[in-house]
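Inspection log for the structure reproduced underneath, given as structure tokens.
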Number of protein chains: 2
Amino acid sequence: MTDTTEAVYELLQMVRPLHRRVARSVAEHLKEAGIGVGERAVLALLVEGEPRSVPAIGRALFLPRQNVQKWVDGLLRAGLVERRPNPAHRRSHLIAATDEGRDLFAQIRARETRAIAELAGRLSPSDVKVASDVLAACLEHFSPFEDDPDRPGPLA
Amino acid sequence: MTDTTEAVYELLQMVRPLHRRVARSVAEHLKEAGIGVGERAVLALLVEGEPRSVPAIGRALFLPRQNVQKWVDGLLRAGLVERRPNPAHRRSHLIAATDEGRDLFAQIRARETRAIAELAGRLSPSDVKVASDVLAACLEHFSPFEDDPDRPGPLA
DNA sequence: GTCAATTTGACATATAAGATGTCATATTGA
DNA sequence: TCAATATGACATCTTATATGTCAAATTGAC
């Protein structure tokens with residue numbers, strides 16, 4: 001085992017606590033908006049990108065379509081997203097953010113930006129870039145292959 | 001909003017998917033050992049550190065003692081940890097890893113090390129170090145203050 | 001030493017993320 | 001055309017994590 005392996009291990013050890021604390025903080029401010037982190041992730045994808053079908057959202061987020069369906073149902077009820085006809089599929093509608101959804105997400109983003117501005121001020125831009133690249137490599141390493149979901153991951 | 005703020009935002013965006021994929025991978029290989037990620041975290045703390053009381057474990061992991069208690073109960077039943085008298089407290093035992101617990105954790109660590117060795121080989125040691133420092137800063141930024149758990153986090 | 005504030009164990013419940021299963025229908029590709 | 005696959009629309013299950021309560025133990029201020 002190299003020192004780098006040890007260092008990567010320790011890096012990955014930090015991911016769970018970090019996720020938990022960020023998720024708690026985010027969940028708290030999302031409560032006012034009446035949505036959870038799942039809904040937020042879907043809304044972010046739809047605000048920042050193209051309308052997609054529910055299964056396509058699931059594939060984009062690496063989440064099962066069944067969970068995404070629930071979150072989309074909630075967002076539909078809240079009027080934050082809407083169904084549009086899908087030229088490529090009769091039953092499978094495209095889901096798109098509404099203006100209300102875009103407004104809400106803009107508020108969420110603004111609040112989150114304020115929350116991390118102080119943190120960002122203490123970090124070097126190049127270091128953040130390096131960290132992003134390292135995390136992206138980790139993400140890729142632990143990603144199931146889209147074309148073979150049953151392929152075992154690195155730990156199997 | 002500076003570019004760094006934007007970069008930190010995108011970095012934090014990666015934390016949830018990364019956590020999910022790593023957790024899934026870890027959970028899969030932990031199933032054979034009959035424990036979950038919660039039990040693994042407790043066991044890791046006790047194997048690598050000193051015996052602690054249940055609330056002390058919770059404080060170390062930033063987790064409520066009630067959750068830790070459940071995981072410790074499971075580890076006790078499995079013989080992976082044991083109770084020891086606590087000189088500083090009559091009712092609140094110290095929890096310590098048993099030899100079985102140490103053996104199991106060594107196996108878990110070995111497997112995890114094998115799983116990330118390939119990934120580590122593609123990364124520069126200094127980049128990993130930078131990433132660790134950046135994540136540590138994020139962790140600290142989102143940490144509730146121990147002496148005032150009700151203090152709002154950065155997003156509140 | 002006394003007593004109020006805090007900590008702990010024990011138990012109980014709530015919520016949310018996420019995984020998994022099924023079945024009928026729609027779609028696609030060989 | 002027809003078998004394989006994708007989708008919608010359910011439903012169930014596990015686990016992590018949060019939260020609440022209460023009595024007993026402990027601690028710290030006085």
Those residues that, when tested against [X], pass side chain to side chain contact (heavy atoms under 4.5 Å, CB included) (two or more places apart):
| X | result |
| --- | --- |
| B:Ala136 | A:Met14 |
| A:Arg91 | A:His89 |
| A:Pro64 | A:Gln66, A:Asn67 |

Task: Comparing A:Gly36 and B:Asp73 on DNA chain C - which has the more 5′ nearest nucleotide - done: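 It is B:Asp73 whose nearest nucleotide is closer to the 5' end.
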TODO: For B:His89 and for A:Leu63, locate the closest nucleotide of DNA chain C by heavy-atom distance; then report the residue assigned to the nucleotide nearer the 5' terminus.
DONE: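 Result: B:His89.
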Open item on the list: Starting from A:Leu94, can I reach A:Leu63 by hopping between I/L/V/M/F/W/Y residues whose side chains sit under 4.5 Å apart?
Closed with: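 No, it is not one cluster - the side chains of A:Leu63 and A:Leu94 are not joined through contacts under 4.5 Å.
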Rounded to the Å, how far apart are [X] [atom1] and [N] [atom2]?
| X | N | atom1 | atom2 | answer |
| --- | --- | --- | --- | --- |
| A:Leu18 | D:dA16 | CG | P | 19 Å |
| A:Gln69 | D:dA11 | CD | C1' | 13 Å |
| A:Arg91 | D:dG8 | CZ | C1' | 5 Å |
| A:Arg65 | D:dA9 | CZ | C1' | 9 Å |

Open item on the list: Heavy-atom nearest nucleotide on DNA chain D for A:Lys70 versus A:Ser92: which residue maps closer to 5'?
Closed with: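 This one resolves to A:Ser92.
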TODO: Please work out if A:Pro55 contacts a base, only the sugar-phosphate, or nothing of the nucleic acid, heavy-atom cut-off 4.0 Å.
DONE: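 Result for A:Pro55 = sugar-phosphate.
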TODO: Check every strand shown and say whether B:His93 touches a base, only sugar-phosphate, or nothing at a heavy-atom separation below 4.0 Å.
DONE: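 Sugar-phosphate only.
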Open item on the list: Could you work out how much the helix from C:dG1-D:dC30 to C:dA30-D:dT1 bends, comparing the axis of its first five pairs with that of its last five, to 10°?
Closed with: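 The helix from C:dG1-D:dC30 to C:dA30-D:dT1 shows an end-to-end axis angle of 50°.
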TODO: Determine the minimum heavy-atom distance between A:Leu11 and A:Cys138, stating which atoms define it.
DONE: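 For A:Leu11 and A:Cys138, the tightest heavy-atom pair comes out as CD2-SG, 4.4 Å.
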- [ ] Over all heavy atoms of both residues, which pair between A:Arg84 and A:Pro51 is shortest? Give the atoms and the distance, please.
- [x]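 So the minimum-distance heavy-atom pair works out to NH1-CG, 3.9 Å.
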Pairs under 3.5 angstrom, nitrogen or oxygen only, protein versus nucleotides 1-5 of chain D, please.
none

Task: B:His29 backbone acceptor or donor facing B:Glu32 side chain under 3.5 Å - done: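 Side chain of B:Glu32 to backbone of B:His29: no pair is present.
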Open item on the list: For chain A and DNA chain C, what are the first and last nucleotides along the strand, 5' to 3', with at least one atom under 4.0 angstrom from a heavy atom of the protein chain?
Closed with: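 Taking any atom under 4.0 Å from a heavy atom of chain A, the span is C:dA17 to C:dT28.
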Open item on the list: For a quick test of reading the model: is some side-chain N or O of A:Arg20 closer than 4.0 Å to OP1 or OP2 of D:dT17?
Closed with: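 The answer is yes; a side-chain N or O of A:Arg20 sits under 4.0 Å from OP1 or OP2.
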- [ ] Salt-bridge test for A:Lys129 and B:Glu10: reply yes if a basic N is under 4.0 Å from a carboxylate O, no otherwise.
- [x]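 No salt bridge links A:Lys129 with B:Glu10.
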TODO: Mark yes when over 12 heavy atoms from residues, nucleotides or ligands other than B:Glu50 sit less than 6.0 Å from its CD; otherwise mark no.
DONE: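 Count not over threshold, so no.
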Task: Working for side-chain hydrogen bond (donor to acceptor under 3.5 Å, both in side chains), residues A:Asp103 and A:Gln107 - done: CA-CA 6 Å; A:Asp103 285 349; A:Gln107 288 174 25; over 6 Å; no
Task: Cation-pi check, B:Arg21 onto A:Phe62 ring (under 6.0 Å, within 45° of axis) - done: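 Yes; both conditions hold, so B:Arg21 lies above the ring face of A:Phe62.
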